[in-house]
> 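My questions will all concern the structure given below.
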Amino acid sequence: MNDTALAVGLCLASAVAYAAAAVAQERLARAAVARSAKALLGSGAWWWSAGLNSAAALLHAAALRYGPLTLVQPLGALTLVAAVPLGARRAGRRVAATEWRGTLATVAGLGLLLLPASGPAPDDTLTLIEALAVSGATLAVILMLTADKDPRSGLRHATASGLASAAASALTQTVAVAAGRGGALLSVRVVAVALLVVVFAVGGMLLSQRAYRGGLGAPLAVVNLANPLAAAVIGMVLLGERLQGGVPGLLLAGAGAFLAARGVLLLTRTTPSAGPGPGAGPHPGAELSVQVGRVAV
């Protein structure tokens, strides 16, 4: 199995684990369990979702060892694709036709992206100065996005979560590549970067938990759009990653990105006809999801 195929396989497994964790987190948020840190820490279901997130993060880190950021991060959108049937099953309803169309468009778009993004296994890593610069810039943007305490700020928290996850992935790649080379694992740079990975990974999970108070679809879609865009910028600016195939490759990647984004937006605009049970009202995130779809389209 070549490096690209291995990276894709690890990404698929990671996406399923992340999706299961997201569905669990959204249910906790809707049940008002996520209103305080004390409530979260006392919830066995939250610890289960945290374990799933940790397993997904490890699989993602392994994928970053074998594939570049420009390949691995877009595949994170498969989390939303996996979350759709999982969420529908937990809610006791069927997957809507629009959801299936969105899923197919997302998968097709990602398939187009894979061709120009399938470069060699990563070899370059962030220097300590670059890692600190990425961390500082990401933290500054996150603070700006989350400064407003408006309870309806779920999409801003989702964007912040996506940025935190992108930074964590870029930093993780430095640690993963260093580990693959053997030696230097206890160097000041690798240890410092590993600590930053933990900070951003945990921060991203908590920010997403906050975002899911308004529902799952729209916030998860925003996370999965902000994450690869930010990671691609880091990869191309600091790690020398490039799309393959010249101008045709760029056009193919653009078409794939458009199709995948369209699929994600279709998924966010879906309003399930069946609720989670008798007497249940509309899905809490339905109105928000529709608004996001209209604005983005």
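Sequential numbering from 1 along the given sequence is applied to the chain's residues. Side-chain atoms are counted along with the backbone in the values below, which use heavy atoms only and exclude waters and symmetry mates.
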> Looking only at heavy atoms, what is the nearest atom pair of L128 and A192, with distance?
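Closest approach of L128 to A192, heavy atoms only: CD1-CB, 3.9 Å.
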> For L145 versus L163, what's the shortest heavy-atom pair and its separation?
CD1-CD1, 3.9 Å
> Which heavy atom of S135 sits nearest to which heavy atom of L196, and what is that distance?
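What the structure gives for the nearest pair is OG-CD1, 3.4 Å.
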> Hey, any chance F200 and V237 share a hydrophobic cluster, counting ILVMFWY side chains that come within less than 4.5 Å of each other, even indirectly?
yes
> Check T172 against A61 and note the closest heavy-atom contact, atom names and distance.
CG2-CB, 3.4 Å
> Which heavy atom of A158 sits nearest to which heavy atom of V223, and what is that distance?
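Result for this residue pair: O-CG2, 3.3 Å.
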> If I take atom CZ from residue R156 and atom CZ from residue R210, how far apart are they, to the nearest 0.5 angstrom?
9.0 Å
> Starting at CG of L155, measure out to NE2 of H157 and round the result to the nearest 0.5 Å.
11.0 Å
> How many angstroms lie between atom OG of S49 and atom OH of Y18, to the nearest 0.5 angstrom?
12.5 Å
> Can L171 be reached from V233 by stepping across I, L, V, M, F, W or Y side chains whose heavy atoms are under 4.5 Å apart?
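The answer is yes; both residues are in one hydrophobic cluster.
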> Let me see the working for E130 and T127 under side-chain contact (heavy atoms from CB on, under 4.5 Å), right down to the final yes or no.
CA-CA 5 Å; E130 289 173 339; T127 66; 3.2 Å; yes
> Is V134 reachable from V190 through a run of hydrophobic residues whose side-chain heavy atoms are each under 4.5 Å from the next?
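Yes; V134 is reachable from V190 via cluster members.
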> What's the separation between atom CG in L126 and atom CD in Q173, rounded to the nearest 0.5 Å?
8.0 Å
> Between S169 and H60, which heavy-atom pair has the shortest distance, and what is it?
OG-NE2, 2.9 Å
> Can you get from V16 to L59 by hopping between Ile, Leu, Val, Met, Phe, Trp and Tyr side chains that sit under 4.5 Å apart?
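As far as the 4.5 Å side-chain criterion goes, L59 and V16 are not connected within one cluster.
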> Name all residues meeting the side chain to side chain donor-acceptor pair (under 3.5 Å) criterion together with S161; count only those two or more places apart in sequence or in a different chain, and write none if there are none.
none
> As an exercise, state the distance from CD1 of I142 to CG of L207, rounded to the nearest 0.5 Å.
6.0 Å
> I'd like to know if I234 and L132 are part of one continuous hydrophobic network [Ile/Leu/Val/Met/Phe/Trp/Tyr, side-chain heavy atoms within less than 4.5 Å].
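The answer is yes; both residues are in one hydrophobic cluster.
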> Backbone N or O of A167 within a donor-acceptor pair of the T138 side chain at under 3.5 Å?
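The answer is no, because no donor-acceptor pair under 3.5 Å joins these two groups.
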> Look up atom CG in L52 and atom OG in S14, then write down how far apart they are to the nearest 0.5 Å.
11.0 Å
> Would you sort out whether L139 and L143 count as a side-chain contact (heavy atoms from CB on, under 4.5 Å), showing the intermediate values?
CA-CA 6 Å; L139 182 59; L143 290 175; 4.2 Å; yes
